[in-house]
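The block underneath contains the structure these notes are about, expressed in structure tokens.
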Number of protein chains: 2
Amino acid sequence: MSTDKKDHIINTAIELFAENGFEGTSIRDLAAKADVNIAMVNYYFGSKDKLFEAMVVHKASYMREKLEEIASDKTKSEIEKMDAVIEAYVNRILTQHQYHRIIHQELMLKQREDVHNNIISLFSKNTLIVKQIIEQGMRKKAFKKVDPELTFASILGTINQVMLSKGMCNLLMNKDKNFNPYTDDTFKKRIITHLKQITHSLLLQH
Amino acid sequence: MSTDKKDHIINTAIELFAENGFEGTSIRDLAAKADVNIAMVNYYFGSKDKLFEAMVVHKASYMREKLEEIASDKTKSEIEKMDAVIEAYVNRILTQHQYHRIIHQELMLKQREDVHNNIISLFSKNTLIVKQIIEQGMRKKAFKKVDPELTFASILGTINQVMLSKGMCNLLMNKDKNFNPYTDDTFKKRIITHLKQITHSLLLQH
DNA sequence: CAAAATTAAACAAATGTTTGATTAATTATT
DNA sequence: AATAATTAATCAAACATTTGTTTAATTTTG
């Protein structure tokens, strides 16, 4: 069982699904791009749906660990933890923007119900961790009284708003079509700066 | 030429595209749900792609007018204009959440290129209007120095983050699957309150 | 040699679209 | 006002592709 080849198929699938969506990508497209026989996808994964599931599993759970690491860091204050959350998410979504886009599609459309529920469940746990950081800040009177869930939604939503569409990115950056926002450090810094500013002004007392 | 029937087909298409996506909706599904013959879609619109274009045109441009109305209202201060922008968007996305979801899909996937560019262009104009409100607030020293585009992205992104997935909504509201967040007034108020809080704390001097 | 991997070909089902015939509605002509 | 002529609307059926999947034979590998 060649794990290399399975991974290669999954990685090619991520590229295509991110670009054209799940229904918009045929197994023949995938096989052609990955340079394998059409039958190999079903041979390795059983079906196109199961390939999708394998793809999600393949990449998931990273953020969860990262967030827990930040939340349990006793050397950090609550606002420092929020800063770390912001940086972690921006980095994650920038480097894994294709995968992230696929997850977002599935979240919106709710086709493969199992996968959809899985994503909601993962997201639910992440929300809880960030919520607890914010609530602790509020208890310590370091933070103002805010809506914890929606505060997290604002952070994630801002990143998604600019990152999920390349056209949107380039509109905000006044760049042309060839510019790749996902590897541009200036853009990354701009988002992080804005998110910290918004979070600080929302949360911190004066 | 029965405009009623064309509209009926478009409205049914909005429901199905929002639920299952463009590729996930077959003309047969659509014809069945709209209770018309399969051939009628091509008879009226020419093709599935052109139906999509007609659908976008059918609903677009409303937000643009609303924003311009707000921006040019001389009885409002800048922060009052921002509040009005927030309320307009929340109301719009709540009532037109299916259409909004379709637009979002097209923004992400960039399949029908013409439609995609059209949406970017529409969005670009809306961004400019809001940007100018913020910049005027900054010039008058009523607003702090912020990133105008990303401030707008945060507002829209927050709404999208919670509105584009029913599962996400219900997660945030601790409701069960039968709950319909798009018609719930408590939810709407919660989002508006949070967005105003975030915008005020970010923009207003102390 | 046996198991695993790979292949080209075929499968049935689903897709968007077109056809050609039929009915309904509109317009023109008497 | 009645009839004929013309256009528009509707339909079931068929069209050619494309889809995901399977088969059965072949090659590679351990």
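Just the heavy atoms: all of them, side chains too, but no hydrogens, waters or symmetry mates, feed the values below. Convention: sequence-line order gives letters A, B, ...; per-chain numbering from 1.
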What integer distance in Å separates A:L51:CG from D:dG20:P?
-> 11 Å
Taking only the side-chain nitrogens and oxygens of A:N42, find out if one of them lies under 4.0 Å from OP1 or OP2 of D:dG20.
-> no
Of the candidates D:dT19, C:dT17, D:dC11, the side chain of B:S47 sits closest to C:dT17
Can you tell me the distance, in whole Å, between the CG atom of B:D29 and the C1' atom of C:dA13?
-> 14 Å
A:K48 vs D:dT19: side-chain N/O to OP1/OP2 distance below 4.0 Å = no
Among C:dA4, C:dA8, D:dT21, the one nearest A:Y43 by side-chain distance | C:dA4
Atom NZ of A:K5 and atom P of D:dT29 are separated, to the nearest Å, by 10 Å
Could you say whether B:I38 or A:D49 is positioned toward the 5' end of DNA chain D, judged by the nucleotide with the nearest heavy atom to each?
-> B:I38
Do the rings of B:H97 and B:Y182 sit parallel, tilted or perpendicular, given the 30° and 60° boundaries?
-> parallel
Whole-Å distance separating the CZ atom of B:R28 from the P atom of C:dA13 | 14 Å
May I have the distance from B:D4 (atom CG) to D:dA9 (atom C1'), rounded to whole angstrom?
-> 14 Å
Round to the nearest Å and state the distance from B:I27 atom CD1 to D:dC15 atom P.
-> 19 Å
Taking all heavy atoms of A:A18 and all of A:R101, pick out the closest pair and write down the distance.
-> O-CD, 3.2 Å
Nucleotide nearest A:M40 (side chain, heavy atoms from C-beta), chosen from C:dG16, C:dT7, D:dA9 = C:dT7
At under 4.0 Å, does any side-chain N or O of B:N37 touch on OP1 or OP2 of D:dA9?
-> no
Rounded to the Å, how far apart are A:I9 CD1 and C:dT6 P?
-> 9 Å
Please give, in whole Å, the distance from C:dT18 P to B:K50 NZ?
-> 9 Å
When you check the phosphate oxygens OP1 and OP2 of C:dA4, does a side-chain N or O of A:Y44 lie under 4.0 Å from one of them?
-> no
